[in-house]
Amino acid sequence: MNAIRSDFPLLQTTLNEYPLVYLDNAATTQKPKVVLDTLYQFYAQEYASVGRGLYALAENATARYEAARATAAAFIGAQPQDIVFTSGSTHGMNMLAHGWGNAHIKAGDEIILAEWEHHSTLLPWQHLAAEKKAKIVYIPVFPDGALDYASYEELLNARTKVVVISHVSNVFGTTIAIERIAQQAKAVGAHFFLDAAQSVPHGMVNVQDITVDALVFSGHKMCGPTGIGVLYLNGALQKSMPAYHLGGGMVYEASFTSSSWRPAPHRFEAGTPPFVQAIGLAAAMTYLTQKVNFKQMRAQEAELCSRLIKGLALMPRAQVHGPRTQLQQQGHLVSFSLSGVPAHDAAALLGAHGICVRAGNLCAQPLAKKLGLEGLIRASFYIYNTADDVDLLLQGIEEVLRVL
Ligand code: PLP
């Protein structure tokens with residue numbers, strides 16, 4: 001574990017003169033030195049645009065970019081042509097809603113989302129549904145963070161065109177029974193799109209093992225740079241989804257009156273792509289693959305969830321919101337509240353002691369309003385977190401409860 005922590009320069013620093021306890025990994029993760037070095041090295045010694053140049057620097061940049069695509073594909077068990085680089089999960093989800101959705105959703109169609117969806121899923125599909133006069137229906141979520149599978153079955157019908165859901169909820173940490181949901185969607189002829197922002201970073205996704213038409217994730221949540229993400233499209237979707245934005249790089253041939261486009265994935269990557277970020281993401285994925293046994297990593301994260309949940313259970317004013325049993329077996333985040341203490345005040349006081357957690361509605365306002373959970377505090381773990389981090393958080397919470 002120390003070997004891993006020492007790879008992350010920022011984890012060696014202090015915050016307000018306290019050792020940094022970084023527990024906001026579901027928002028974004030820290031970067032290992034190898035990723036920082038890769039970015040510096042590429043900008044300093046190899047930089048040129050991809051795709052067009054016929055000089056050695058440009059050819060090298062193109063080769064590195066396409067190699068990054070192959071690395072990203074291998075990370076989720078896909079083929080390189082299935083990988084579209086985006087700026088992140090939000091961008092990928094907008095491409096699905098406005099690209100695929102715009103072409104295939106019609107008035108009266110139904111789109112199924114879970115109530116816990118992140119705003120990055122909620123807003124694009126809401127916007128599309130309003131434009132198309134389609135209807136969004138929501139799978140209810142119970143107050144303990146469990147999904148209402150029985151209601152989901154009842155919601156599915158011949159009008160259901162697509163089911164879009166988070167693999168792991170960023171609010172509760174719940175992992176869904178993905179194949180069950182996918183198969184039931186397929187049984188009514190619906191497409192199945194996955195928000196894998198909270199699962200791919202933990203090595204939970206191999207597209208060979210799941211039935212999924214498309215999925216999105218973000219590089220910055222898995223040790224990669226900001227501004228890079230992946231939209232995975234299976235072969236059928238690549239053909240049935242029109243490009244959502246148009247421009248250079250995707251063109252096969254253009255005239256003053258019309259143009260034809262290159263096949264996927266380049267058809268979906270108009271403009272100069274975020275190629276340095278993609279190379280940085282590939283460095284992050286290679287780092288993770290070489291350094292981490294994902295099964296062990298998930299067991300260790302669940303152990304940290306368990307330690308936190310048990311510690312909070314000893315504090316009468318603390319309440320965990322989420323599927324405790326599942327989190328202790330396979331979780332990587334714990335959301336909780338402290339009675340009588342506004343979440344933002346608690347997070348600010350913890351921050352003053354060097355402890356970084358998230359507070360608020362966790363980008364899921366409708367769910368927070370429905371369940372009265374506006375004041376959640378979330379601690380989320382990644383490869384470098386230790387039992388000491390949890391203990392320092394628990395001590396910090398005790399201090400919060402004394403002071404506030
Ligand atoms: N989906 C989930 C479940 C998330 O947790 C997040 C980020 O917190 C996103 C989507 C959006 O990711 P990004 O901001 O990188 O586009």
Side-chain angles (χ1 to χ4, degrees), residues 22-31 35 72 76 84-99 113-127 138-139 141 145 147 163-176 178 181 192-205 212 214-232 244 274 277-278 280-281 284-285 301 321-323 327 330-335 347 356-368 373 376-382:
Y22 188 76
L23 298 172
D24 198 14
N25 295 289
T28 198
T29 58
Q30 298 301 335
K31 316 303 169 201
V35 170
I76 59 165
V84 177
F85 282 119
T86 62
S87 69
S89 304
T90 305
H91 183 200
M93 197 54 86
N94 274 274
M95 286 173 75
L96 286 173
H98 297 298
L113 311 181
E115 283 180 339
W116 64 35
E117 291 318 316
H118 194 278
H119 294 159
S120 61
T121 292
L122 193 69
L123 270 65
W125 292 102
Q126 264 182 359
H127 186 248
Y138 292 95
I139 312 172
V141 173
L147 199 66
V163 176
V164 191
I165 191 166
S166 289
H167 190 181
V168 175
S169 159
N170 67 299
V171 179
F172 293 118
T174 318
T175 300
I176 59 166
I178 186 170
I181 293 191
F192 180 61
F193 297 164
L194 192 66
D195 174 352
Q198 296 294 345
S199 59
V200 167
H202 302 268
M204 292 168 67
V205 175
V212 67
L215 66 80
V216 300
F217 62 94
S218 302
H220 68 94
K221 292 183 196 287
M222 52 187 302
C223 297
T226 54
I228 187 73
V230 166
L231 165 63
Y232 159 84
Y244 147 67
Q277 293 92 323
L281 174 60
M285 287 172 160
E301 290 169 344
H321 302 274
L327 295 180
Q330 58 176 123
H332 59 83
L333 65 88
V334 177
S335 291
C356 308
V357 293
R358 181 131 302 227
N361 56 51
L362 309 179
C363 288
Q365 272 188 34
L367 178 75
L373 292 176
L376 286 183
I377 305 162
R378 182 185 71 192
S380 51
F381 306 114
Y382 206 45

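When reading the values below, keep in mind they use all heavy atoms of this one structure, side chains included, and skip hydrogens, waters and symmetry mates. Indexing begins at 1, ligand by ligand and atom by atom, following the structure's order. Quick note: residue numbers are just sequence positions, from 1.
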What is the nearest protein non-hydrogen atom to [atom], stated with its residue, atom name and distance?
atom                    : result
atom 14 (O) of ligand 1 : Thr90 OG1, 3.7 Å
atom 7 (C) of ligand 1  : Lys221 NZ, 2.5 Å
atom 4 (C) of ligand 1  : His118 CD2, 3.3 Å
atom 1 (N) of ligand 1  : Asp195 OD2, 2.6 Å

Side-chain heavy-atom pair Ile181, Leu147 within 4.5 angstrom cut-off | yes
Among the heavy atoms of Ser120, does any lie under 4.0 Å from an atom of ligand 1?
-> yes
Contact check, Glu117 vs ligand 1, heavy-atom distance below 4.0 Å | no
Verdict with supporting geometry, Leu194 and Tyr232, side-chain contact (heavy atoms from CB on, under 4.5 Å) | CA-CA 10 Å; Leu194 192 66; Tyr232 159 84; over 6 Å; no
Heavy-atom closest contact ([X] atom, [Y] atom, distance):
X      : Y      : answer
Phe381 : His202 : O-CE1, 3.6 Å
Gly145 : Pro323 : CA-CD, 4.4 Å
Leu281 : Gly219 : CD1-CA, 3.6 Å
Met93  : Asp195 : CE-CB, 4.0 Å

Using a strict 4.0 Å cut-off to heavy atoms of [X], name the atoms of ligand 1 that fall inside it.
X      : result
Ser89  : 10 (C), 11 (C), 12 (O), 16 (O)
Gln198 : 3 (C), 4 (C), 5 (O)
Ser218 : 12 (O), 13 (P), 15 (O), 16 (O)
Ala197 : 1 (N), 2 (C), 4 (C), 10 (C)

How does Met93 reach ligand 1, by side chain, by backbone, by both or by neither, if only non-hydrogen atoms under 4.0 Å count?
-> neither
Does the side chain of Thr226 pick up a donor-acceptor pair with the side chain of Gln277 at under 3.5 Å?
-> no
Atom CD1 of Ile139 and atom CD of Glu115: how far apart are they, to the nearest 0.5 Å?
-> 9.0 Å
